[in-house]
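Beneath this line is the structure, given in structure tokens, with notes to follow.
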Amino acid sequence: MTGAGDTIFALATAQGKAGVAIVRISGPECCAALTAMGVSPPVPRSSRLATLRDSEGDILDQALVLFFERGASFTGEDVIELHLHGSVAVVRAVLMELERMPPLRMAEPGEFTRRALMNGRLDLTQVQGLADVIDAETDGQRRHAMRVLDGEVSRRVEGWRRDLLRAIALIEATIDFADEDVPEDVSREVSMLLSGVIESVSAELETVRSVARLKTGFEVALVGEPNAGKSSLLNALSNSDAAIVTAVAGTTRDIVEVRCDINGLPVTLLDTAGLRETSDEVELIGVHRAITRAKSADLRIFLYEQATPPTWDVPVLDQDIVIRSKGDLNGDANAISVSTGVGIPGLLLRIGTILSERIPDTGLISRERDRASLDVALSIMVEVQAKMSDAEPELVSLSLRDSASALSEIIGGVDIDEILDEVFSSFCIGK
């Protein structure tokens with residue numbers, strides 16, 4: 001990435017025709033660039049309607065111009081925003097004019113947000129939260145991402161670090177000022193602080209897998225014998241025609257996947273091959289795949305058509321749903337019917353409720369890198385706690401510093417250059 005002191009620009013809104021397009025300019029030369037287009041910068045944090053002109057004096061556009069001064073902008077630098085008419089031609093002309101100005105260059109992906117991180121406007125967890133907000137497809141994903149962007153992870157990690165630093169300070173007070181008026185025995189308070197952090201970090205680690213599912217999505221497998229109504233149910237639940245529905249047994253041979261939103265959660269529905277004995281080699285492969293995939297799914301819906309459930313080759317777990325299908329044909333008031341819609345809303349609600357209960361309200365950490373840092377910090381603290389009564393205070397203090405450093409990696413409080421390229425690789429140019 002080019003120098004952080006450069007002045008960069010980019011289209012901050014989506015490509016293509018729109019009502020309004022926003023071009024963002026960030027860096028020390030942004031006001032000079034605006035002046036070069038014939039407009040004086042407005043008062044900081046205010047806007048002005050102005051006519052932008054190119055180097056020949058021709059009108060580029062009438063735009064709303066905003067100025068955010070250094071320290072009070074998204075990037076922490078002087079920032080100019082040009083709110084243009086959303087014409088493809090207007091945007092192209094303005095970008096070309098900016099590109100002709102020697103001090104300016106086009107921003108790289110994620111560079112505006114990277115500057116916000118480097119200038120202390122965001123920490124690393126908030127950067128990741130911003131990326132999650134942009135990628136959010138469901139309401140549950142949006143709510144979680146906004147909590148991270150709002151700084152909840154940062155505050156939680158800082159609380160753990162603050163308690164560890166307090167414990168370190170107490171220990172080092174007994175080392176450095178042994179002959180002075182300091183508490184003779186700080187072990188009780190240190191032990192309480194350490195136990196509290198261990199308990200809280202352990203609880204956070206227990207939620208990581210479930211919170212990660214909120215981002216990657218849950219898998220719900222439809223399981224049953226041939227012609228039990230699995231394909232029809234998948235189409236009804238997803239409001240699509242993704243699965244082929246026929247009266248011929250064995251129509252579904254490979255797994256059909258449909259991504260959908262259930263109760264604000266990302267869910268992939270899996271229509272699997274009907275479970276039965278078969279001599280058809282292709283269908284047999286489908287049955288084996290169905291069993292394997294159903295066993296690894298987060299939730300299974302077992303469908304049966306006859307009066308009593310059969311024995312399946314897939315174990316039925318506590319929260320799995322077992323339900324009779326084709327209620328319009330068999331007269332069972334408790335059965336669902338895709339044809340009439342009876343029971344479908346209730347089934348959707350039931351699926352959403354079961355999966356929602358697996359997302360803890362307290363959990364925030366979801367990325368593997370952050371989980372690994374928590375693991376390291378926790379392992380060190382547990383080892384210190386086990387040996388604290390016999391270990392030298394200097395070694396205890398050093399170990400707790402290592403633990404605090406591991407926590408700092410989550411929010412970017414240490415040298416993190418090696419991970420920044422990966423973090424920002426998913427950002428668009430204008431972010």
Side-chain angles (χ1 to χ4, degrees), residues 117-118 120 122-129 132 144 147-178 182-212 360-423:
L117 172 65
M118 295 304 188
L122 299 173
D123 65 36
L124 190 56
T125 63
Q126 290 174 301
V127 168
Q128 293 172 163
D132 291 342
H144 177 266
R147 290 176 64 194
V148 178
L149 179 59
D150 189 49
E152 277 197 50
V153 174
S154 312
R155 292 190 289 273
R156 189 167 297 180
V157 172
E158 283 295 348
W160 296 330
R161 287 184 69 253
R162 186 170 57 250
D163 286 348
L164 286 183
L165 293 177
R166 168 65 178 167
I168 293 168
L170 289 169
I171 293 168
E172 294 189 350
T174 65
I175 300 170
D176 297 335
F177 305 101
V182 296
E184 294 182 3
D185 184 10
V186 299
S187 59
R188 182 178 179 184
E189 183 176 353
V190 170
S191 179
M192 289 177 60
L193 289 167
L194 194 55
S195 295
V197 178
I198 288 174
E199 182 179 355
S200 185
V201 171
S202 298
E204 185 69 38
L205 280 169
E206 289 177 1
T207 69
V208 169
R209 185 180 181 276
S210 296
V211 176
D361 292 335
T362 56
L364 288 170
I365 298 292
S366 63
R367 295 179 183 264
E368 176 59 25
R369 186 186 66 82
D370 297 338
R371 183 207 61 76
S373 295
L374 282 184
D375 261 338
V376 170
L378 180 63
S379 297
I380 295 171
M381 287 187 288
V382 169
E383 185 176 356
V384 168
Q385 187 180 52
K387 300 178 179 179
M388 190 167 58
S389 59
D390 300 322
E392 293 293 328
E394 291 87 349
L395 295 179
V396 172
S397 175
L398 184 60
S399 295
L400 292 182
R401 285 184 180 277
D402 289 341
S403 184
S405 179
L407 293 176
S408 293
E409 291 179 3
I410 298 174
I411 57 177
V414 294
D415 185 7
I416 54 166
D417 285 344
E418 70 277 7
I419 65 171
L420 290 184
D421 288 341
E422 187 245 330
V423 169

Item to check | Residues Q385, S195; criterion side-chain hydrogen bond (donor to acceptor under 3.5 Å, both in side chains); working and verdict | outcome: CA-CA 8 Å; Q385 187 180 52; S195 295; 3.0 Å; yes
Item to check | Where S399 and V384 come nearest, the two heavy atoms and their spacing | outcome: CB-CG2, 3.4 Å
Item to check | Sidechain N-carboxylate O distance under 4.0 Å for R371, E368 | outcome: yes
Next on the checklist: One thing to verify: whether R166 and E189 come together as a salt bridge, which I'm taking to mean a side-chain N less than 4.0 angstrom from a carboxylate O.
Outcome noted: yes
Checklist outcome for this item: In short, P393 meets I171 closest at the heavy-atom pair O-CG2, 3.4 Å
Checklist outcome for this item: OG (S200) and CG (L378) are apart, to the nearest 0.5 Å, by 10.5 Å
Checklist entry - From L193 CG over to L170 CG, what is the distance, rounded to the nearest 0.5 angstrom? => result 7.0 Å
Checklist entry - Hey, which of I411, L122, L149 is the one that makes side chain to side chain contact (heavy atoms under 4.5 Å, CB included) with V127? => result L122
Checklist entry - Should R155 and E152 count as an ion pair when the cut-off is N to O under 4.0 Å? => result no
Checklist entry - Which pair of non-hydrogen atoms, one from S366 and one from H144, has the smallest distance, and what is that distance? => result OG-CE1, 4.3 Å
Checklist entry - Out of curiosity, R161 CZ to I410 CD1, how far, rounded to the nearest 0.5 Å? => result 10.5 Å
Checklist entry - So which heavy atom on Q128 is nearest to which on D370, and how close? => result NE2-OD2, 3.3 Å
Next on the checklist: For E158, is there an ion pair with R162 - N to carboxylate O distance below 4.0 angstrom?
Outcome noted: no
Checklist entry - With a 4.0 Å cut-off, would you call E172 and R401 a salt bridge? => result yes
Next on the checklist: I'd like to know if D132 pairs up with R367 as an ion pair, taking the criterion as any Lys NZ or Arg NE/NH1/NH2 lying under 4.0 Å from an Asp or Glu carboxylate oxygen.
Outcome noted: yes
